[in-house]
S.K.: 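My questions all concern the structure below.
In this text the structure is predicted, and so the values were computed from the model without any measurement. All residue numbers in this chain count up from 1 along the given sequence. Quick note: numbers below take in every heavy atom, side chains included, and nothing from hydrogens, waters or symmetry partners.
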Amino acid sequence: MNQPRVLSTSTLTGDDVVNREEAKLGNLKDLMIDLDHGRIAYAVLSRGGLAGLGEKLFAVPWVLFEVDGDSHRLILDLSEDVLDNSPGFDPDHWPSFGDREWATQVHEHYGLAPYWT
């Protein structure tokens, strides 16, 4: 699998996100960059809905993703059930990604220690 070393965010936005079993989990809506640490903090995954209606968004720590450059998609090693039970948010009400309490809860949900600690 080809893993590009440097990509523009626009080449990833809209790409499918699948798990290792090839189940489609959604698509990449956006990337959130932590300016203080100079890294991608989260991928915002869009799941469900039709034409944006009923869509739910999930902030998933970027470290959990693998870029499949050959297939122009992202691989997230999570089941659909785990993702569906993850903390999500409405497309019209994004959380404050700079809120360390919220961010810690997101990381802990996925079994990760926050990278800034």
S.K.: For the atom pair OG1 (Thr11) and CG (Leu28), what is the distance rounded to the nearest 0.5 Å?
M.R.: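 Between Thr11 OG1 and Leu28 CG, I get 9.5 Å after rounding to 0.5 Å.
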S.K.: Search all heavy atoms of Asn19 against all heavy atoms of Ser79 and return the closest pair with its distance.
M.R.: ND2-CA, 4.0 Å
S.K.: Distance check, rounded to the nearest 0.5 Å: Thr104 atom OG1 versus Asp99 atom CG?
M.R.: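 Atom-to-atom, Thr104:OG1 and Asp99:CG are 8.5 Å apart.
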S.K.: Where do Pro91 and Leu57 come nearest, in terms of heavy atoms and distance?
M.R.: CA-CD1, 3.7 Å
S.K.: Decide side chain to side chain contact (heavy atoms under 4.5 Å, CB included) for Val60 and Tyr42; before the verdict, give the C-alpha distance in whole Å, the side-chain angles of both, and the deciding distance to 0.1 Å.
M.R.: CA-CA 5 Å; Val60 181; Tyr42 303 97; over 6 Å; no
S.K.: Measure the shortest side-chain to side-chain distance between Leu12 and Leu31 over non-hydrogen atoms and say whether it is less than 4.5 angstrom.
M.R.: yes
S.K.: In the structure I gave you, are the side-chain heavy atoms of Leu76 and Leu45 within less than 4.5 Å of one another anywhere?
M.R.: yes
S.K.: Where is the tightest heavy-atom contact between Val44 and Phe89, given as atom of each residue plus distance?
M.R.: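 Heavy atoms of Val44 and Phe89 come nearest at CG1-CZ, 3.9 Å.
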S.K.: Check the hydrophobic clustering (I, L, V, M, F, W, Y; side-chain heavy atoms under 4.5 Å; chains of links allowed) and say if Ile33 and Trp116 are grouped together.
M.R.: no
S.K.: Any side-chain heavy-atom pair from Lys29 and Phe58 closer than 4.5 angstrom?
M.R.: no
S.K.: Under 6.0 Å between ring centres: does that hold for His107 and Trp102?
M.R.: no
S.K.: Kindly indicate, with the supporting measurements, whether the criterion side chain to side chain contact (heavy atoms under 4.5 Å, CB included) is fulfilled by Glu108 and Leu112.
M.R.: CA-CA 5 Å; Glu108 289 174 350; Leu112 300 171; over 6 Å; no
S.K.: So which heavy atom on Ser86 is nearest to which on Lys56, and how close?
M.R.: O-NZ, 4.2 Å
S.K.: Answer yes or no: are there more than 12 heavy-atom neighbours, outside His93 itself, under 6.0 Å from its atom NE2?
M.R.: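 Not buried by this count: 12 neighbours or fewer within 6.0 Å.
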S.K.: I need the minimum non-hydrogen distance between Asp34 and Asp36, along with the two atoms involved.
M.R.: OD1-N, 3.0 Å
S.K.: Are Trp62 and Phe97 near enough that their ring centres are under 6.0 Å apart?
M.R.: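 Aromatic pair excluded; centres sit 6.0 Å or further apart.
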S.K.: Before accepting this row, confirm whether a basic side-chain N of the pair Asp16/Lys24 lies closer than 4.0 Å to the acidic partner's carboxylate O.
M.R.: yes
S.K.: Hey, does Leu25 have a side-chain heavy atom less than 4.5 Å from the side chain of Val18?
M.R.: no
S.K.: Ignoring hydrogens, what is the shortest heavy-atom contact between Ala59 and Tyr110? Give both atom names and the distance.
M.R.: O-CE1, 3.7 Å
S.K.: Check each of Asn27, Asp15, Asp68 against Arg73 using the side-chain hydrogen bond (donor to acceptor under 3.5 Å, both in side chains) test, and report the only one that passes.
M.R.: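 It is Asp68, the one option of Asn27, Asp15, Asp68 that forms the side-chain hydrogen bond (donor to acceptor under 3.5 Å, both in side chains) with Arg73.
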S.K.: For the pair Arg47 and Glu80, find out whether any cationic side-chain nitrogen is under 4.0 Å from an anionic carboxylate oxygen.
M.R.: yes
S.K.: Quick check for you: to the nearest 0.5 Å, what is the distance between Asn85 atom CG and Leu78 atom CG?
M.R.: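 One finds 11.5 Å between CG of Asn85 and CG of Leu78.
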